[in-house]
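Remember, it's a predicted structure, so these values are computed and weren't measured experimentally.
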Amino acid sequence: VPVTSETQVVDLLKKAAKARAVAATLCNERSSRSHSLFRLRISGQNSKTGEECEATLNLIDLAGSERLTNSGSDGDRLKETKSINKSLSNLGIVIMALANKESHIPYRNSKLTYLLQNSLGGNSKTLMFVNISPNMSSVQETLCSLRFATKVNQCQIG
């Protein structure tokens with residue numbers, strides 16, 4: 001959706017927030033049940049030289065992985081948990097394939113990696129923040145998140 005003002009961007013973000021799936025599980029009373037991707041394409045032209053440039057900024061909020069045995073998920077929550085875990089696993093596979101400079105990068109294994117392929121390879125920069133819990137009851141999830149972040153940090157992509 002083309003936008004030309006800050007107000008239009010804020011309106012789009014509000015619309016997206018309303019569409020974001022959030023539900024309670026035993027792990028989290030307000031758990032994201034989907035990933036969120038905000039893509040901002042910026043283009044500009046130097047009025048004196050005529051030089052043009054274009055860039056894309058992707059802001060991604062990944063839903064956290066959950067152990068099925070801990071989340072108490074069933075029905076729709078169970079399907080969401082499996083889908084989230086599968087897409088995060090595929091993201092890890094893509095990152096490792098890039099790090100290992102494999103000839104085939106399986107971007108098409110998930111919608112998430114397909115959408116992020118231009119951000120993960122080529123002429124791009126990627127920064128990742130990992131949120132972890134200080135609660136002892138979440139130590140396994142925290143360790144899993146930190147291990148994933150360590151693998152990502154060790155990769156030289158591009």
Side-chain angles (χ1 to χ4, degrees), residues 1-43 54-68 70-99 105-135 137-155 157-158:
V1 177
V3 294
T4 56
S5 72
E6 181 180 339
T7 304
Q8 290 176 319
V9 172
V10 170
D11 289 344
L12 279 175
L13 288 172
K14 286 179 183 176
K15 183 178 178 181
K18 287 179 184 175
R20 183 108 191 246
V22 178
T25 68
L26 294 179
C27 294
N28 191 342
E29 67 185 36
R30 202 171 133 67
S31 177
S32 298
R33 309 313 301 158
S34 61
H35 305 305
S36 178
L37 170 63
F38 175 75
R39 178 172 285 161
L40 180 62
R41 289 193 178 121
I42 303 167
S43 59
E54 186 175 287
T56 301
L57 173 67
N58 289 315
L59 300 174
I60 301 109
D61 182 7
L62 298 175
S65 65
E66 290 180 351
R67 298 195 189 285
L68 291 174
N70 297 346
S71 71
S73 298
D74 60 4
D76 287 343
R77 301 296 84 79
L78 178 62
K79 289 178 189 173
E80 292 162 352
T81 298
K82 287 181 179 180
S83 179
I84 290 165
N85 290 346
K86 184 176 180 183
S87 67
L88 292 173
S89 177
N90 281 319
L91 178 60
I93 290 167
V94 164
I95 289 170
M96 293 313 295
L98 287 164
I105 310 299
Y107 290 117
R108 293 180 181 241
N109 285 3
S110 79
K111 191 181 289 187
L112 176 66
T113 55
Y114 180 75
L115 289 171
L116 295 180
Q117 63 185 322
N118 290 333
S119 296
L120 295 172
N123 186 22
S124 64
K125 301 289 182 204
T126 302
L127 176 64
M128 183 174 78
F129 294 94
V130 178
N131 291 326
I132 57 174
S133 173
N135 295 333
S137 62
S138 301
V139 71
Q140 291 304 316
E141 305 306 322
T142 296
L143 287 173
C144 185
S145 296
L146 290 173
R147 285 185 192 112
F148 180 75
T150 299
K151 283 182 185 179
V152 171
N153 190 48
Q154 292 171 345
C155 294
I157 298 175

Reported [atom1]-to-[atom2] distance for the pair [X] and [Y], which is rounded to 0.5 angstrom:
{"X": "Tyr107", "Y": "Leu91", "atom1": "OH", "atom2": "CG", "result": "10.5 Å"}
{"X": "Leu115", "Y": "Gln117", "atom1": "CG", "atom2": "CD", "result": "8.5 Å"}
{"X": "Ile105", "Y": "Leu120", "atom1": "CD1", "atom2": "CG", "result": "10.0 Å"}
{"X": "Leu59", "Y": "Leu127", "atom1": "CG", "atom2": "CG", "result": "10.5 Å"}
{"X": "Ile95", "Y": "Met128", "atom1": "CD1", "atom2": "CE", "result": "6.5 Å"}
{"X": "Arg41", "Y": "Asn58", "atom1": "CZ", "atom2": "CG", "result": "8.5 Å"}

Q: Can you see which heavy atom on Ser87 is nearest to which on His35, and at what distance?
A: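 Scanning both residues, the minimum pair turns out to be OG-NE2, 2.6 Å.
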
Q | side chain to side chain donor-acceptor pair (under 3.5 Å) partners of Thr113, counting only residues at least two apart | A |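 Thr113: side chain to side chain donor-acceptor pair (under 3.5 Å) contacts with Ser110.
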
side-chain contact (heavy atoms from CB on, under 4.5 Å) involving [X] - partner list, sequence neighbours excluded:
{"X": "Ala16", "answer": "none"}
{"X": "Asn109", "answer": "Asn90, Pro106"}
{"X": "Asn131", "answer": "none"}
{"X": "Ser133", "answer": "Asn135, Ser138, Thr142"}

Q: For Phe38, look at atom CZ and say whether over 12 heavy atoms of other residues, nucleotides or ligands are found less than 6.0 Å away.
A: yes

Q: Mark yes when over 12 heavy atoms from residues, nucleotides or ligands other than Arg39 sit less than 6.0 Å from its CZ; otherwise mark no.
A: yes

Q. Under 3.5 Å, side chain of Ser145 to main-chain N/O of Glu141, donor-acceptor pair present?
A.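 A pair under 3.5 Å: yes.
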
Q: Give the intermediate values and the outcome of side-chain contact (heavy atoms from CB on, under 4.5 Å) for residues Thr56 and Asn118.
A: CA-CA 9 Å; Thr56 301; Asn118 290 333; over 6 Å; no

Q: Please collect all side chain to side chain donor-acceptor pair (under 3.5 Å) contacts where either partner lies in residues 4-14, sequence neighbours excluded, each pair once.
A: Thr4-Gln8

(Q) Determine whether Leu112 and Leu62 satisfy the following criterion, side-chain contact (heavy atoms from CB on, under 4.5 Å), listing intermediate values before the conclusion. (A) CA-CA 9 Å; Leu112 176 66; Leu62 298 175; 3.7 Å; yes

